[in-house]
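See structure below.
Counting begins at 1 with the first residue of the sequence.
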Amino acid sequence: MLLSSAFPFRLSRPHPSGTASRSSSVAAGTHPMAVMVLACLWMGSVCNIPLWREVLQLPGAHTLRGGVFALAFLLAVSFATAGVLALVAWGRALTPVIAVAVLTAAAGAYFSGTYGIVIDPGMLTNVIQTDVREAADLFTWKMPLALLAMAGPPLVWLLRARVRPLGWRRRALHQGAFALGAFAVAAVCILAVFQDFSSTMRNHTRMRYLINPLNSIYAVGSLAAKPLRHDRGPLQPLGRDAHLGASYQGQTAPPLLVLVLGETGRSGNFGLNGYARDTTPELSARKDLASATDAWSCGTSTAASVPCMYSHLGRQAYEKRPADYEGLMDVLQHAGLAVLWVDNQSGCKGVCDRVSNASTSAHPTDPQWCADGRECLDDVMLQGLDDRIAALPADQRARGVVVVLHQMGSHGPAYTKRSLPSQKKFQPECLTSALQECTREQVVNAYDNSIVSTDHFLNSTIRWLEARSGGAQTAMVYLADHGESLGEGGIYLHGMPYAIAPDVQKHVPWITWLSPAMQQRTGIATACLQKDLRSRHLTHDNYFHSVLGLMDVRTGVYEAAQDMYAGCRQAGQG
């Protein structure tokens, strides 16, 4: 009764004459809203296998009550999807809109089922901002097969279906009534199991992001509406009062600071931080490093973390910011320093747009570090770095230089590509991007080998700086943008919503090396840092102010309380 009153259409109508009935049905075709319902039932069931897999793991899922909850949930998802699509799939757009929805749902199900990721505005931002190199790592031979299995049948049916033509008045009436009816059915299904539903959504937040294709529709809508919700206007200036402190007066050599922006670094997998495996043999052999073992990111993806960590606002204020501001690189440049960004990743996410920058992807021809001719290991950023620095304005170089090296690091899922054969210390390793095909040991081995590669790159960077100590007072700070999931709880990669992301996606390594000359210049003793950072809680919020403090840049936006080096600077000077 409910369905017949809510949906003003019939799949077929009895006719006194069987022949006439069949002829009329063929001529008329299928009602557009019937097509919508059938397609959405397919998406709600087949294209939501990762969701139903989690539902079946709930306590009591295999009882009668659990079965009723699962059925009501499935119908709610299907009819809510139908209601949303009915608002946009008008006239000739019906079949294309449904086809796109089916493909989107199938792709979402594949990536959620394969890597345990969820679809939200942050993940969609990552997709938009990624480059061909990163995207290619996600494509495996299983992907087209999975998409064919989930999207093929409904797409073939859609192409062959005869959809009944309706006049615009009749279509508007039917489709408007259908949308209201579909939302009503979804609401009734939720209300019927509301107690279980509310408890599940509250205690298993991740499920909210697994509902296909509503998760993708919401993400697209959220990003599209973002300019309307946050009309921040033009970029706001920051630190225009920045100037160089007393350490620059009469200096015998300018400072040269290399900021290594790490990619996908798990603090817990660094041997330097107490990991059971010696993934950092070169760094661990040094006695002149200070490593912060309790450091946390402000995001779980590059797109979220990099703009945040180079901002003066801190994570919470950055998310609620009323305007977009210039960042750390701009303030350093305002102070009169020479600034350079070298990228071996998918870009700086806007933070280097107003300073000198270069990308290794333009000509990946180095035979040692760019073996496949498509992407390079991070060591390539040190090749020709002297020439890039020499091209910066001479008056700024005479004051001091800050260089950012943005790593490819341990970016997944193709961890095996992130290390040389000679660096593959842990075997056997996962050799495919389809991580679910490998054992967890193989995945961890491949990831840990990428940390061995990062260890070599960081030590090579320090040695590069040491070789230039005659003409500069040198230092290196390494900090990763976010961590990574390696199969814990069936989750891989990164990019989960911050509130529900596991700690391994947020706990990051932070390593500082100061040359003896830099220690003397800044008054920061490495021995003090080694002791202080052993138990110091740090976040990306500290980064902006710590770099300004290390470079002795004076500005009103600097906060000494957020400078991780301030305490040891006082100890060193005292």
Side-chain angles (χ1 to χ4, degrees), residues 238-239 242 244-245 247 255-262 265 267 289-299 305-318 325-335 337 339 341 351 400-406 458 461 465 473-482 507-515 518-519 521-573:
L238 182 73
L244 303 176
S247 64
L256 170 57
L257 172 64
V258 172
L259 301 173
V260 179
L261 175 53
S267 180
L289 299 173
S291 181
T293 58
D294 189 15
W296 299 82
S297 69
C298 60
S305 281
V306 172
C308 177
M309 66 192 289
Y310 279 78
S311 166
H312 69 295
L313 295 171
R315 185 175 70 85
Q316 293 186 352
Y318 182 81
Y325 297 86
E326 294 177 333
L328 176 61
M329 308 305 291
D330 301 285
V331 177
L332 292 169
Q333 187 164 257
H334 295 332
L337 297 171
V339 182
W341 184 291
V351 303
V401 179
V402 179
V403 177
V404 177
L405 302 179
H406 187 191
L458 294 179
T461 301
L465 287 166
Q473 297 172 339
T474 56
M476 184 203 75
V477 176
Y478 163 80
L479 176 60
D481 58 353
H482 55 77
H507 190 196
V508 293
W510 191 338
I511 299 168
T512 301
W513 173 82
L514 305 177
S515 66
M518 195 66 164
Q519 292 181 59
R521 177 191 184 96
T522 61
I524 302 172
T526 296
C528 176
L529 287 178
Q530 290 172 337
K531 182 179 179 181
D532 184 51
L533 299 184
R534 201 171 296 148
S535 58
R536 180 92 173 272
H537 176 74
L538 298 170
T539 71
H540 277 172
D541 294 5
N542 300 106
Y543 187 67
F544 177 94
H545 307 281
S546 300
V547 173
L548 290 183
L550 188 60
M551 291 302 290
D552 193 17
V553 171
R554 308 297 178 86
T555 170
V557 295
Y558 166 76
E559 297 178 21
Q562 293 279 26
D563 183 350
M564 65 177 284
Y565 303 117
C568 283
R569 182 181 300 110
Q570 294 167 3
Q573 290 173 337

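Across Y478 and G262, no two heavy atoms sit closer than the pair CE1-CA, 3.5 Å. Closest heavy-atom contact between A560 and A566: O-CB, 3.8 Å. Residues S305 and C298 come closest through the heavy atom pair O-SG, 3.6 Å. Taking each heavy atom of H507 and D294 in turn, the nearest pair found is NE2-CA, 4.1 Å.
Shown here are the ring pair (Phe, Tyr, Trp, His ring centres under 6.0 Å) partners of Y325, two or more places apart in sequence or in another chain: H312. Take H545 and apply the ring pair (Phe, Tyr, Trp, His ring centres under 6.0 Å) test, not counting sequence neighbours, and it matches no residue. Contacts of Y543 classified as side-chain hydrogen bond (donor to acceptor under 3.5 Å, both in side chains), with partners at least two apart in sequence or in another chain: Y310. Scored by the ring pair (Phe, Tyr, Trp, His ring centres under 6.0 Å) test, F544 finds no partners at all (sequence neighbours excluded). Judged as a side-chain hydrogen bond (donor to acceptor under 3.5 Å, both in side chains), and not counting sequence neighbours, the contacts of T555 are D241. Listed by chain and number, the residues in a side-chain hydrogen bond (donor to acceptor under 3.5 Å, both in side chains) with T539 amount to none (sequence neighbours excluded). Evaluation of the side chain to side chain contact (heavy atoms under 4.5 Å, CB included) rule for S515 yields T474, W513, A517, M518 as partners, not counting sequence neighbours. Evaluation of the side chain to side chain contact (heavy atoms under 4.5 Å, CB included) rule for D330 yields E326, H334, R354 as partners, not counting sequence neighbours. For D541, there are no salt bridge (Lys or Arg N to Asp or Glu O under 4.0 Å) partners at least two apart in sequence or on another chain. Residues passing the side chain to side chain contact (heavy atoms under 4.5 Å, CB included) test with Q333, sequence neighbours excluded: V339, V355. Not counting sequence neighbours, the partners of D532 by the side chain to side chain contact (heavy atoms under 4.5 Å, CB included) test are R536, C568. With sequence neighbours excluded, the residues forming a side-chain hydrogen bond (donor to acceptor under 3.5 Å, both in side chains) with T512 are Y565, listed by chain and number.
Residues H540 and W296 place their aromatic rings such that the two centres sit no closer than 6.0 Å.
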Residue pair Q519, I524: steps toward the side chain to side chain contact (heavy atoms under 4.5 Å, CB included) verdict: CA-CA 5 Å; Q519 292 181 59; I524 302 172; 5.9 Å; no
Could you go through T522 and D552, starting from their C-alpha distance and side-chain angles, then the distance that decides it, and tell me whether this counts as side chain to side chain contact (heavy atoms under 4.5 Å, CB included)? CA-CA 8 Å; T522 61; D552 193 17; over 6 Å; no
Criterion side chain to side chain contact (heavy atoms under 4.5 Å, CB included) on V547 and V553, from CA distance to verdict: CA-CA 9 Å; V547 173; V553 171; over 6 Å; no
Where do M309 and V351 land on the side chain to side chain contact (heavy atoms under 4.5 Å, CB included) test, with the steps shown first? CA-CA 10 Å; M309 66 192 289; V351 303; over 6 Å; no
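Remark: side-chain polar atoms of Q562 are not paired, donor with acceptor, to backbone N or O of S546 under 3.5 angstrom.
Distance check: I511 CD1 to L529 CG gives 13.0 Å after rounding to the nearest 0.5 Å. The CG atom of D563 sits 4.5 Å away from the CZ atom of R569 when rounded to the nearest 0.5 Å. Interatomic distance, L548 CG to L332 CG, rounded to the nearest 0.5 Å: 5.5 Å. Rounded to the nearest 0.5 angstrom, L479 CG and L261 CG are separated by 7.5 Å. Expressed to the nearest 0.5 Å, how far OG of S247 lies from CE of M551 amounts to 8.0 Å. Atoms OG and CH2, on S297 and W510 in that order, are 11.5 Å from each other to the nearest 0.5 Å.
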